[in-house]
Q: 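Provided herewith is a single structure, encoded as structure tokens, for subsequent inquiry.
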Amino acid sequence: MKNINQKILQAGSFLFILAGVVYLLCEAISAYAWSNPSYQYAINYISDLGIPVETQYAERTINSPLYFVMNFGFFANGILFAIAYFMIMNTLPSKRKIIGLALTAIYAIGIIMVGMFPGYDWWGEPFHGIGAMLAIVGGNLSILCSGLMSHRIIPQKWVSTLSVIFCIIGIISFALFIGINNNMHAAVFERMSVYTIMVWCIIFGLFVQVKSRNMNVSDYEGNIKG
């Protein structure tokens, strides 16, 4: 019979994969639905996909027929990410997981706020900006923490290295996005700061899913004590 921690790792890793895939799929479906005007990944912000009204905002024409699909993607990703993170990191001693869990809570709250308060000119717009900042900064720091702690579960140094690289790319991209927010192609840097989280979810989820299947109980116990 499988060790209970192996089952938790497999379930959590599957939810990580699902979190990334659902988000990217909802984004692609919402973007494809645009026709007047067409959606441009290099120019339109991600938030444009979730705006429920046809409007003109920051010199961009917004018309997202399937805005609810994108907002569902925000909600689903935040919830799935938080559950997956908790399941996997909960297998570690408490002192090694508290920071990561706190950052994950910040990320989940932030991205849910992004979906609840669309980013256009209305009273809820400030909450959209706050949510986006919490999600991007919290999410990238969260993947950093999980990557650095993952060797306690399954010892593979490349995962920690990749997590550090993704976090650095994500934070720098977000800083550049804020710095050139009025630039025509600022959306490129916005996407880079978000995609680091989504791509990491899929890669990390696949890694844990595969490795945990071949992990013995003694291996796991030795890792968390080491």
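Because the structure is a prediction, the values reported are computed rather than measured.
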Q: Does the side chain of Leu206 reach to within under 4.5 Å of the side chain of Ile17, using non-hydrogen atoms?
A: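 A side-chain contact exists here, since the closest heavy-atom pair is under 4.5 Å.
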Q: Please tell me if the side chains of Met113 and His128 come closer than 4.5 Å, counting only heavy atoms from C-beta onward.
A: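 Not in contact.
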Q: Within the structure provided, determine whether Leu148 and Val164 are in side-chain contact (heavy-atom separation under 4.5 Å).
A: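 Leu148 vs Val164: side chains touch.
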Q: What orientation do Phe117 and Trp123 show, parallel under 30°, tilted 30 to 60°, or perpendicular over 60°?
A: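 Phe117 vs Trp123 ring planes: perpendicular.
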Q: Side chains of Asn140 and Thr196: is there a donor and an acceptor less than 3.5 Å apart?
A: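 Per modelled atom types, Asn140 and Thr196 side chains form a pair under 3.5 Å.
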Q: Less than 4.5 Å apart, any side-chain heavy atom of Met116 and any of Asn71?
A: no
Q: Would you say that Asp121 contacts Thr55 through its side chain, given a criterion of any heavy-atom pair below 4.5 Å between the two side chains?
A: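 Heavy-atom side-chain distance check fails, nothing below 4.5 Å.
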Q: Is there a side-chain contact between Val22 and Cys26, using heavy atoms and a 4.5 Å cut-off?
A: yes
Q: Same cluster or not: are Trp34 and Val69 linked, directly or through other Ile, Leu, Val, Met, Phe, Trp or Tyr residues, by side-chain heavy atoms under 4.5 angstrom apart?
A: no
Q: With a 4.5 Å cut-off on side-chain heavy atoms, are Lys211 and Phe207 touching?
A: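 Of all side-chain heavy-atom pairs linking Lys211 with Phe207, at least one is under 4.5 Å.
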Q: Within a radius of less than 6.0 Å around OH of Tyr41, do more than 12 heavy atoms belonging to other residues, nucleotides or ligands occur?
A: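 Enclosed: over 12 neighbouring heavy atoms sit under 6.0 Å from OH of Tyr41.
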Q: Could you check whether any side-chain N or O of Ser160 sits under 3.5 Å from a backbone N or O of Gly147, counting only pairs where one atom can act as donor and the other as acceptor?
A: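 Yes; at least one donor-acceptor contact below 3.5 Å.
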Q: Can you tell me which residue among Leu15, Leu101, Leu103, Ile143 is in a side chain to side chain contact (heavy atoms under 4.5 Å, CB included) with Tyr85?
A: Leu101
Q: Working note: Ile46 + Glu27, criterion side-chain contact (heavy atoms from CB on, under 4.5 Å); need CA distance, chi angles, decisive distance, verdict.
A: CA-CA 8 Å; Ile46 297 172; Glu27 182 184 8; 3.9 Å; yes
Q: Does Asn44 offer a backbone N or O that forms a donor-acceptor pair with the side chain of Asp48 under 3.5 Å?
A: no
Q: More than 12 heavy atoms of other residues, nucleotides or ligands under 6.0 Å from CZ of Phe86: is that the case?
A: no
Q: Any side-chain heavy atom of Tyr107 sitting closer than 4.5 Å to one from Ile136?
A: no
Q: So that I know where these two stand, are Phe189 and Phe177 an aromatic pair - ring centroids less than 6.0 Å apart?
A: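 Phe189 vs Phe177: aromatic centres not under 6.0 Å.
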Q: Going by the angle between their ring planes, with limits at 30° and 60°, are Phe204 and Trp200 parallel, tilted or perpendicular?
A: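 Ring orientation of Phe204 relative to Trp200: parallel.
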Q: Output, in order, the C-alpha distance, side-chain angles, deciding distance and verdict of side-chain contact (heavy atoms from CB on, under 4.5 Å) for Phe174 and Met192.
A: CA-CA 8 Å; Phe174 185 55; Met192 288 176 64; over 6 Å; no
Q: Against Ile168, only a single residue in Ile171, Ile165, Ile172 fulfils side chain to side chain contact (heavy atoms under 4.5 Å, CB included); can you say which?
A: Ile172
Q: Is there a path of hydrophobic side-chain contacts, each under 4.5 Å between heavy atoms of I/L/V/M/F/W/Y residues, joining Ile178 to Ile197?
A: yes
Q: Verify side-chain contact (heavy atoms from CB on, under 4.5 Å) between Ser173 and Glu190, making sure each step is shown before the conclusion.
A: CA-CA 7 Å; Ser173 297; Glu190 180 204 29; over 6 Å; no
Q: Any donor-acceptor pair under 3.5 Å linking the side chain of Gln209 with the backbone of Ser13?
A: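 Answer holds: no.
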Q: Using only heavy-atom distances, determine whether the side chains of Asn63 and Tyr39 contain a donor-acceptor pair under 3.5 Å.
A: no
Q: Would Tyr120 and Trp122 satisfy ring pair (Phe, Tyr, Trp, His ring centres under 6.0 Å), going step by step from the backbone distance to the final call?
A: CA-CA 6 Å; Tyr120 67 105; Trp122 68 301; 5.7 Å; yes
Q: Go through it in stages, so that I can follow the logic: the residues are Cys145 and Ile99, the test is side-chain contact (heavy atoms from CB on, under 4.5 Å), and I'd like the CA-CA distance, side-chain angles, deciding distance and then a yes or no.
A: CA-CA 8 Å; Cys145 285; Ile99 296 177; 4.0 Å; yes
Q: Looking at Ile51 and Tyr67, what are the two nearest heavy atoms and their distance?
A: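 In terms of heavy atoms, the two residues are closest at O-CB, 3.4 Å.
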Q: Would you name the heavy atoms of Tyr45 and Ala187 that are closest together and state the gap between them?
A: CD2-CB, 3.6 Å
Q: Looking at Tyr57, I want to see if its OH is surrounded by more than 12 non-hydrogen atoms of other residues, nucleotides or ligands under 6.0 Å.
A: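 Enclosed.
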